[in-house]
Asker: 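For reference, the structure I am asking about is given below.
Reminder, nothing fancy here: chain letters follow the sequence lines and each chain counts from 1.
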Amino acid sequence: MQIPASFDYVRASSVDNALELLARYGPESRVVAGGHSLLPMMKLRLARPEWLIDINDLYELDFILRDGNKLRVGALTRHTTLLESDEVAALFPIVRDAERVIADPTVRNRGTIGGSLCQADPAEDLSTVCDVLDAEAVIRGPGGERAVAMSGFHRGPYETAVGQDELLCELRFPIRPRAGSAYEKVERRVGDWATGAAGAAVTLAADGTVEDATVGLTALGLDRTVAEAAAVLRGKRPAEDLFTEAGRLAAAACDPVPDQRGPVDYKRHLADELTRRVLRRACARAAQMAARMQEG
Amino acid sequence: MQISMTVNGSEFTSEIEPRVLLVHYIREVLGLTGTHWGCDTSNCGTCVVLMDGQPVKSCTVLAAMAAGHDIRTVEGLATGGTLDPVQQGFMEEHGLQCGFCTPGMMLTARALLDKNPHPDDAEIRQAISGQICRCTGYATIVRSVQWAAAHPAGTGWDGADTAVPDVAPETADTDAEVKA
Ligand SMILES: Cc1cc2nc3c(=O)[nH]c(=O)nc-3n(C[C@H](O)[C@H](O)[C@H](O)COP(=O)(O)OP(=O)(O)OC[C@H]3O[C@@H](n4cnc5c(N)ncnc54)[C@H](O)[C@@H]3O)c2cc1C
Ligand code: FES
Ligand code: FES
């Protein structure tokens, strides 16, 4: 029977209280949000915290809020809430693309964006989404609050900038005009982790050329965005031959490992093909948004 | 530690170890064995119960985390001697063979119909996509849920004919107290 090893459990009543509890119980304590990464790991004894600090009562961390030219998303926002939010889908269609294929609907009812990012599994889809959207993580700790860009948030597989005594509180997404984004994932079956996935975000200049583009890959052995692929598009009008070149560069930049989900050449092929598809879709969506802006 | 939660409308208070999973609490402490347990990896979905109306995998929620919440299990589907339309639908349309996945499937179906009374087949398939059935091949499950959608409770389908077995929670070998 697989049940976790013994631990003590405590429910935090506020962010401050959670920080106090983390400070009090020290390195052997862990917060639990949705629990859908941590509890499976505890069952396998891959994690053995002595104290579990439950943050599910911190409704103050469960929000989606537009604040000027930023969208603020609380760390305790569930996957299902993100999937169903029309506001998020209108601003960042990549989020709905990704959420549709993250785990399955029952897992999505519990799993949170904060848990996903802090887990930092190389196959975690929302890490790529936050990377390409250039999100900022707001982290609170004993020393106060700090904002960390995604490039500095990921420290490697299962490692982030969030310290043991800190809490990820929110993600802030910059809202840009004439922007579009997309995500596409190949999985063996519903609810599986990605064999490979790609995400892209594109902003167009007023003249229809690409002002900025970002491409990210999931589960393909690259924990940064694909700068080479993005550079191909900048300053040019979106076109098929540019997507092809970007795909080729993404495949060259990634470093997948062979496993039961597929061999290296197949995964490189995915990096190539999926990069083209997400760029094509992100550019089309950016053009649509630009057209809407002109009308309204 | 002591926890209290509402299960199928009754409040239970128990002394448990924090590491007890909700599925084991429901089955072993409350004696409600209709909720099944099928895997160690949060993949099969046979353990699905409703927590505050939402389907969740009870093998991946601690009983301690469910304290203070409202849980509904398969035993809570029938009301006043009448099967829930979803249960009736599974009977009418042969939605089960061995029955192992059935409790989870029915609870997900109930939650879906509460939110979306007339789902199309794709929406039903999507809703149950985190749950595995090794027997029926899903087509009959989808038909069962469609049957329930077409026969909502109180619309005169002859559910009252179907006797509901009286399943009182067995609280054997437990110190759970029923408060309500
Ligand atoms: C069957 C199954 C399939 C899945 N498939 C996918 C998939 O395809 N793609 C995908 O991306 N994910 C997938 N997941 C993971 C799922 O998205 C999880 O919900 C998510 O990874 C973790 O979120 P959580 O809220 O459950 O985190 P938890 O399990 O509660 O926590 C994960 C880690 O983050 C820490 N943590 C959580 N919140 C905070 C916070 N606010 N501040 C600091 N630390 C925090 C915890 O201490 C823990 O170390 C799957 C999970 C399951 C069970
Ligand atoms: S027992 Fe398999 S998902 Fe819960
Ligand atoms: S009826 Fe046997 S597993 Fe579904």
Asker: Does the side chain of B:Thr60 come within less than 4.5 Å of A:Arg110's, by heavy atoms?
Answerer: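 Side chain of A:Arg110 against side chain of B:Thr60, heavy atoms only: no contact under 4.5 Å found.
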Asker: Please tell me if the side chains of B:Gln126 and A:Asp104 come closer than 4.5 Å, counting only heavy atoms from C-beta onward.
Answerer: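 Not in contact.
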Asker: Which answer fits B:Thr41, side chain, backbone, both or neither, if we ask what part of it has an atom under 4.5 Å from a heavy atom of chain A?
Answerer: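 Contact with chain A: none, neither part.
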Asker: Side chain from CB out, backbone as N, CA, C, O: work out which of these in B:Ala111 comes under 4.5 Å of a heavy atom of chain A, or both, or neither.
Answerer: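 Neither the backbone nor the side chain of B:Ala111 comes within 4.5 Å of chain A.
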Asker: Looking at chain B, which one of A:Ser6, A:Ala103, A:Gly191, A:Gly34 has the largest number of heavy-atom pairs inside 4.5 Å, strictly under?
Answerer: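 Sorted descending by pairs with chain B, the first entry is A:Ser6.
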Asker: In the structure I gave you, are the side-chain heavy atoms of B:Cys59 and A:Lys43 within less than 4.5 Å of one another anywhere?
Answerer: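 A side-chain contact under 4.5 Å exists here.
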Asker: For the interface with chain A, which of B:Ala67, B:Ser42, B:Gly45 has the highest count of heavy-atom pairs at distances below 4.5 Å?
Answerer: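 The answer is B:Ala67.
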Asker: Enter the distance from B:Gln131:CD to A:Thr106:OG1 here, rounded to the nearest 0.5 Å.
Answerer: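 B:Gln131 atom CD to A:Thr106 atom OG1 measures 5.5 Å (nearest 0.5 Å).
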Asker: Take A:Leu52 and B:Leu62, measure what side-chain contact (heavy atoms from CB on, under 4.5 Å) needs, and give me the verdict at the end.
Answerer: CA-CA 11 Å; A:Leu52 214 52; B:Leu62 296 170; 3.6 Å; yes
Asker: Report yes if the side chains of A:Ile3 and B:Leu21 come closer than 4.5 Å at any heavy-atom pair, otherwise no.
Answerer: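 In short, these two side chains touch, coming nearer than 4.5 Å.
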Asker: What part of B:Met1 gets closer than 4.5 Å to chain A, counting heavy atoms only: side chain, backbone, both or neither?
Answerer: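 The side chain, not the backbone.
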Asker: Side-chain contact, heavy-atom cut-off 4.5 Å: B:Pro55 with A:Pro105?
Answerer: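 Not touching, per the 4.5 Å side-chain cut-off.
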Asker: Crowded around B:Arg134 CZ? As in, over 12 foreign heavy atoms under 6.0 Å?
Answerer: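 Atom CZ in B:Arg134 is not packed in, count stays at 12 or less.
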Asker: Of the backbone (N, CA, C, O) and the side chain (C-beta and beyond), which part of B:Val61 lies under 4.5 Å from a heavy atom of chain A, both, or neither?
Answerer: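 When you check distances to chain A, atoms from both the backbone and side chain of B:Val61 fall under 4.5 Å.
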Asker: What's the spacing between A:Asn109 CG and B:Lys57 NZ if we round to 0.5 Å?
Answerer: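 If I round to the nearest 0.5 Å, the distance is 10.5 Å.
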Asker: Is there side-chain contact between A:Tyr9 and B:Arg19, with at least one heavy-atom pair below 4.5 Å?
Answerer: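 A:Tyr9 does not reach B:Arg19 side chain to side chain.
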Asker: Under a 4.5 Å heavy-atom cut-off, does chain A meet the side chain of B:Ala127, its backbone, both or neither?
Answerer: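 Backbone of B:Ala127 only, per the 4.5 Å heavy-atom cut-off to chain A.
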Asker: Run the side-chain contact (heavy atoms from CB on, under 4.5 Å) test on A:Val190 and B:Arg125 for me, step by step, so that the C-alpha distance in whole Å, both residues' side-chain angles and the decisive distance to 0.1 Å come before the verdict.
Answerer: CA-CA 11 Å; A:Val190 172; B:Arg125 284 181 183 271; over 6 Å; no
